[in-house]
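Structure first, commentary second.
Keep in mind that what you see is a predicted model, and the values were worked out from it rather than measured.
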Protein chains: 2
Amino acid sequence: MLGKVMKVSESTGDTRSRIQAVALELFTEEGYEKTSLREIAERLGVTKAALYYHFKSKDEIVNSFVEDRIGLMDELIEWGEAQPPTVESRRTLVVRYAEQFFGTNRHTVMRFFEQNQTALKSLSAGKEMRARMIRVADLLARPETSHEAQVRAALALFAVHSSWFAIRDPSVTDEDRRQISLKLAYELLDKIGETAQAA
Amino acid sequence: MLGKVMKVSESTGDTRSRIQAVALELFTEEGYEKTSLREIAERLGVTKAALYYHFKSKDEIVNSFVEDRIGLMDELIEWGEAQPPTVESRRTLVVRYAEQFFGTNRHTVMRFFEQNQTALKSLSAGKEMRARMIRVADLLARPETSHEAQVRAALALFAVHSSWFAIRDPSVTDEDRRQISLKLAYELLDKIGETAQAA
DNA sequence: GTCTATATGTAGATAGAC
DNA sequence: GTCTATCTACATATAGAC
């Protein structure tokens with residue numbers, strides 16, 4: 001999935017993908033700033049120079065695996081904007097968000113974002129993603145503009161994320177985590193727009 | 001407050017405190033790893049060597065302002081452990097947590113933790129704080145051991161934190177943020193232990 | 001208590017051979 | 001496509017003068 005968009009003309013998509021995978025893991029586990037290109041190269045059994053053949057800089061590696069996540073978020077936002085601000089569509093929006101989070105190659109990329117919030121402030125990919133998270137939260141809060149609704153929306157999204165680490169038992173399946181997070185997200189979201197609904 | 005524990009014999013507590021304040025701000029805004037001692041020194045109008053007179057290393061600066069937060073958390077945990085696992089004591093626990101968060105010199109230290117989770121993994125102060133956060137969450141989940149209760153507890157704590165950044169309007173007062181976060185924390189926590197209560 | 005000067009390491013990144 | 005070798009910059013940290 002990581003090298004999916006790549007043209008076939010670039011023959012050895014293998015090394016490129018392996019760089020992305022290792023970088024994503026290390027960036028998530030020990031942080032973007034602390035992870036050196038030397039470390040990534042060593043883990044792969046190549047030299048730093050090889051990395052620079054595939055990516056022109058360190059933050060380009062980040063961009064490469066963040067790109068398609070941004071694309072998915074854009075689809076989600078576009079869909080959400082076309083929906084009426086009802087309990088139903090709020091629920092569906094968070095369900096779709098959770099699908100992205102738990103789907104495809106697991107939650108690796110989202111965990112990377114979570115763990116590198118600060119470092120990502122100075123990376124373009126980080127700013128792009130940040131803006132989209134805020135947009136999704138705003139869509140969830142609609143039609144309310146109250147501060148409480150804003151926090152409810154943020155908590156609903158965080159429910160999806162936190163089910164990953166707050167449940168420390170590693171034997172719990174992704175599906176179980178997903179269900180718990182959605183139950184709590186519903187609980188939080190369903191109280192949004194009650195005044196508007198009643199009116 | 002930052003240099004409170006300091007002995008009076010150390011005459012110029014001023015510079016030491018100013019280093020802590022500037023470091024805390026920069027570590028929070030742009031990240032621990034990315035912030036250099038040169039940057040901190042320049043901002044204060046001194047040289048790096050001066051910093052090393054007051055602190056023997058970079059992570060010692062972190063320890064210095066984290067220490068008393070750890071102490072407060074320990075008091076909180078000790079108090080919590082002595083309470084019965086009821087709706088009432090759960091509420092009071094999160095109220096006290098919020099007091100720590102919003103109290104004293106604002107939420108600066110807690111924001112620093114939030115923004116540097118990954119970097120703090122390799123710092124002793126980080127590991128210490130992390131363990132205490134988990135302990136508080138466990139106390140909130142009692143007497144339940146269900147996964148859902150664990151997520152409820154984590155979300156309740158995050159409600160306190162998120163009220164700081166999820167409400168983007170800067171004119172909202174700390175008191176308003178505190179009230180909103182507690183309302184939502186109650187909502188989440190009050191459903192813990194319902195089976196045990198009923199039994 | 002703060003300075004100048006410097007030691008020492010490692011980071012990201014490039015040139016050019018193979 | 002990957003290598004060796006190297007550049008440049010900046011990091012943390014220390015020694016010793018004032």
Side-chain angles (χ1 to χ4, degrees), chain A residues 2-3 6-24 26-27 29-65 116 118-126, chain B residues 2-3 6-24 26-27 29-65 116 118-126:
Chain A
L2 278 173
M6 199 186 56
K7 276 170 285 182
V8 193
S9 55
E10 302 167 23
S11 46
T12 317
D14 187 46
T15 304
R16 190 184 152 93
S17 302
R18 285 171 64 227
I19 293 171
Q20 289 175 315
V22 169
L24 179 53
L26 289 177
F27 289 165
E29 290 311 314
E30 53 187 44
Y32 173 77
E33 303 282 355
K34 199 177 179 184
T35 304
S36 66
L37 295 179
R38 176 192 54 74
E39 198 177 353
I40 297 170
E42 270 176 12
R43 171 91 64 118
L44 287 167
V46 296
T47 62
K48 278 191 294 174
L51 267 49
Y52 278 97
Y53 172 80
H54 294 282
F55 301 95
K56 77 174 207 296
S57 70
K58 189 180 178 183
D59 63 80
E60 247 242 327
I61 302 178
V62 173
N63 291 336
S64 76
F65 60 65
N116 289 280
T118 310
L120 282 164
K121 275 188 196 168
S122 45
L123 262 49
S124 65
Chain B
L2 277 173
M6 200 186 57
K7 276 170 283 178
V8 192
S9 55
E10 303 166 25
S11 45
T12 318
D14 187 46
T15 304
R16 189 184 152 93
S17 301
R18 284 170 65 227
I19 294 171
Q20 289 175 315
V22 169
L24 178 54
L26 289 176
F27 289 166
E29 291 310 314
E30 51 187 45
Y32 173 77
E33 303 283 355
K34 200 178 179 184
T35 304
S36 67
L37 295 178
R38 176 192 53 74
E39 199 176 353
I40 296 170
E42 269 175 13
R43 171 91 64 119
L44 286 167
V46 296
T47 63
K48 282 190 289 175
L51 267 49
Y52 278 98
Y53 172 81
H54 295 281
F55 301 95
K56 76 173 208 295
S57 69
K58 189 180 178 183
D59 64 78
E60 248 242 325
I61 302 179
V62 172
N63 291 336
S64 76
F65 59 66
N116 289 280
T118 310
L120 282 165
K121 276 189 194 169
S122 44
L123 263 49
S124 65

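Separation of atoms CD (B:Glu33) and NZ (A:Lys34) is listed at 6.0 Å; rounding is to 0.5 Å.
As a whole-Å value, the separation of A:Lys58 NZ from C:dG12 P is 4 Å. Rounding to whole angstrom units, NE2 of residue A:His54 and C1' of C:dA13 are separated by 16 Å. Atoms CD (B:Glu60) and C1' (D:dA13) sit 14 Å apart, rounded to a whole Å. Between the NZ atom of A:Lys34 and the P atom of D:dT12 there is a distance of 13 Å, given to the nearest Å. Atom CD1 of B:Ile19 and atom C1' of C:dG1 are 10 Å apart (whole Å).
Considering only side-chain N and O atoms, B:Tyr53 lies nowhere under 4.0 angstrom from the phosphate OP1 or OP2 of C:dT2. Taking side-chain N and O atoms only, A:Ser36 has no distance below 4.0 Å to OP1 or OP2 of C:dT10. Phosphate contact (OP1/OP2 of D:dT2, side-chain N/O of A:Thr15, threshold under 4.0 Å): present.
Within residues 37-47 of chain B, the residues approached by DNA chain D to less than 4.0 Å at the level of any non-hydrogen atom are B:Leu37, B:Arg38, in residue-number order.
Using cut-offs of 30° and 60° on the angle between ring planes, the pair A:Phe27 and A:Phe65 is tilted.
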Below 3.5 Å is the cut-off: list the nitrogen or oxygen pairs between protein and nucleotides 14-18 of chain C, distance only.
none

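The backbone N or O of A:Tyr32 lies less than 3.5 Å from a partner atom in the side chain of A:Lys58, making a donor-acceptor pair.
Qualifying salt bridge (Lys or Arg N to Asp or Glu O under 4.0 Å) partners for B:Glu42, counting only residues two or more places apart in sequence or in other chains: B:Arg38.
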